[in-house]
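Structure record follows, encoded as structure tokens.
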Amino acid sequence: MTADDVTASKELGHEAFGNPRPGGGRVAGEFPAPGTTTWGTFDDEHLVAKATARHDASFWHGREVATCGIAGVAVAAEHRGRGLLRGVLAEALAEHGQAVSTLFPTAPGIYRSLGYEVVGSLDHVDLPTAALASVRAPAGTTVRRATAADLPAVDAAYARWAVTRNGPLTRTAACFSAGGGERLAEVSGVTLAEDDDGVVGYAAWTRGPGYGPAARLDVDDLVTLTPDAARALWRVLGSFASVAGTVRLRTSGDHPARLVLPSSTWAAVERRPYMARVHPSALGSLTAGPDDDVALSLRVAGDPLGVLDGSWALEVRPGGSAVARVTDDDRLPTLTPQGLALAYAGTLPAVDLRAGGHLVGGDERTDAALDRLLRRRAPAVLDYF
Ligand SMILES: CC(C)(COP(=O)(O)OP(=O)(O)OC[C@H]1O[C@@H](n2cnc3c(N)ncnc32)[C@H](O)[C@@H]1OP(=O)(O)O)[C@@H](O)C(=O)NCCC(=O)NCCS
């Protein structure tokens, strides 16, 4: 779709998601937004289905991997149930030719039949602010408010955390275009934790309205690279106890900063599932550990888009990894597309993939190899799109 389709796209976005209607004197943002492509299906020149592909990048297995983020998926009410979704998604994925595609579904069932599976989630948890104030003081880690000059160090701390997980966006693609001043203006403050090595953590927080037990402090990012950084930042957040009863943290999976909390309260108030569809070629960028010397052949079967199916030979050796398509062999351990996504993300071990019907064939040796290669990092994502 082009700039000429902006009104039709926004009308469909209004209908599906309750976004503001176009017009009414509002200035429409750039369309398509920077770093994105929007695909539409037209019926008699009327837009009836759309999907936006974000040309993004995320960290998987210690590497930056090009990622097709799918957003804004909608089919006009009277045209639903005719399979129009498949057409726009297939176009978006084909344009990308990329190894990994991810999305936040409104319902996972919409995307399962297109080879996606829920591999993680973006969570919001509530913590009583007073409990954070009682965290033991760290030795040798200090805090201060970040300025625009500190943003490169903040980004470096984020990247140091993100590269240790499967799934976090790199935040460097064109879809992340906000400049330094703008980024700081989006929050009330960014607090840095520093030790002799420099920035070892930060919290980006926004003060909600009012004060008292019902007031809230929202923490969008809490990155802690050392236990003392976690202690220092929890204590800063805890210092709001007299004016904001709750700290709401945006997080994903198990947060290491939780390990230094004396209180066990970690109340999930919102959970947004994150789905992935993975092309087997993504296995070629696995990071080899010093003792890895693994050759494993796998098969993928059941992709409704017909792209992922086939047999693949994977080699992971100290010098690097490689994957190549080989002659299809139905005696190989066989993953569904969803099973491949769950395995690649490190979400489930082979034994659970079998129990869920996503892995058949192979044996204990191939299961152990899969787990050894793919379960080294936990899935996580901090950015909603
Ligand atoms: C979701 C939406 C795009 C689906 O479009 P559609 O043309 O109805 O899709 P289809 O009928 O081709 O169904 C595709 C799959 O989604 C499933 N599906 C559709 N709506 C669903 C729902 N609400 N919950 C779970 N699964 C659903 C169908 O069962 C089908 O799965 P199957 O292939 O395994 O049978 C459309 O209903 C819509 O625009 N909804 C409002 C906006 C929205 O939720 N967008 C998704 C944003 S992530």
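Order of listing sets the numbers, starting from 1, for every ligand and every atom in it.
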Polar proximity ligand 1 side, [X] side, N/O cut 3.5 Å exclusive:
X   : result
H79 : no
A74 : no
L85 : no
V73 : yes
R86 : no

Looking only at protein heavy atoms, which one is nearest to [atom], and how far off is it?
atom                    : value
atom 38 (C) of ligand 1 : R80 NE, 3.3 Å
atom 18 (N) of ligand 1 : I110 CG1, 3.8 Å
atom 29 (O) of ligand 1 : G109 O, 4.9 Å

Check each heavy atom of A107 against ligand 1 and say whether those closer than 4.0 Å belong to the side chain, the backbone, both or neither.
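Contact part for A107 vs ligand 1: side chain (C-beta onward).
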Quick look: F104 vs ligand 1, heavy-atom contacts under 4.0 Å, and the answer is backbone
Going from CG on L335 to CZ on R354, what distance comes out if it is rounded to the nearest 0.5 angstrom?
9.0 Å
Under a 4.0 Å N-O cut-off, is there an ion pair linking [X] with [Y]?
X    : Y    : result
R144 : D150 : yes
R372 : D292 : yes
D328 : R299 : yes

Any side-chain donor-acceptor pair under 3.5 Å between [X] and [Y]?
X    : Y    : result
H79  : R82  : yes
D123 : S121 : yes
T287 : H61  : no

As a test of the contact definition, would [atom] count as having a protein heavy-atom neighbour under 4.0 Å?
atom                    : value
atom 24 (N) of ligand 1 : yes
atom 2 (C) of ligand 1  : no
atom 31 (O) of ligand 1 : yes
atom 43 (C) of ligand 1 : yes

By number and element, which atoms of ligand 1 are closer than 4.0 Å to a non-hydrogen atom of [X]?
X    : answer
S113 : 31 (O), 32 (P), 33 (O), 34 (O)
F17  : 42 (C), 43 (C), 45 (N), 47 (C)
A16  : 42 (C)
Y111 : 46 (C), 47 (C), 48 (S)
G83  : 12 (O)
P105 : 48 (S)

Apply side-chain contact (heavy atoms from CB on, under 4.5 Å) to S113 and list each qualifying residue two or more places apart in sequence or on a separate chain.
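If we apply the side-chain contact (heavy atoms from CB on, under 4.5 Å) test to S113, skipping adjacent residues, there are no hits.
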Would you call the rings of Y384 and F104 parallel, tilted or perpendicular if under 30° counts as parallel and over 60° as perpendicular?
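Rings of Y384 and F104: tilted, as their planes differ by 30° to 60°.
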Under the criterion side-chain hydrogen bond (donor to acceptor under 3.5 Å, both in side chains), which of D5, T52, T2 is the partner of T38?
T52
Identify which of V75, T41, I70 has a heavy atom lying nearest to atom 5 (O) of ligand 1.
V75
Which option wins on minimum heavy-atom distance to atom 6 (P) of ligand 1: P304, G81, G87?
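Answer by nearest heavy atom: G81.
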Side-chain donor or acceptor of S297 paired with backbone N/O of A295 under 3.5 Å
no
Name the atoms and distances for all side-chain donor-acceptor pairs under 3.5 Å in residues 130-142, with sequence neighbours left out.
from: S134; atom 1: OG; to: A131; atom 2: O; distance (Å): 2.8

Taking all non-hydrogen atoms of both residues, which atom of L169 and which atom of Y158 are closest, and how far apart?
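Result for this residue pair: O-OH, 2.6 Å.
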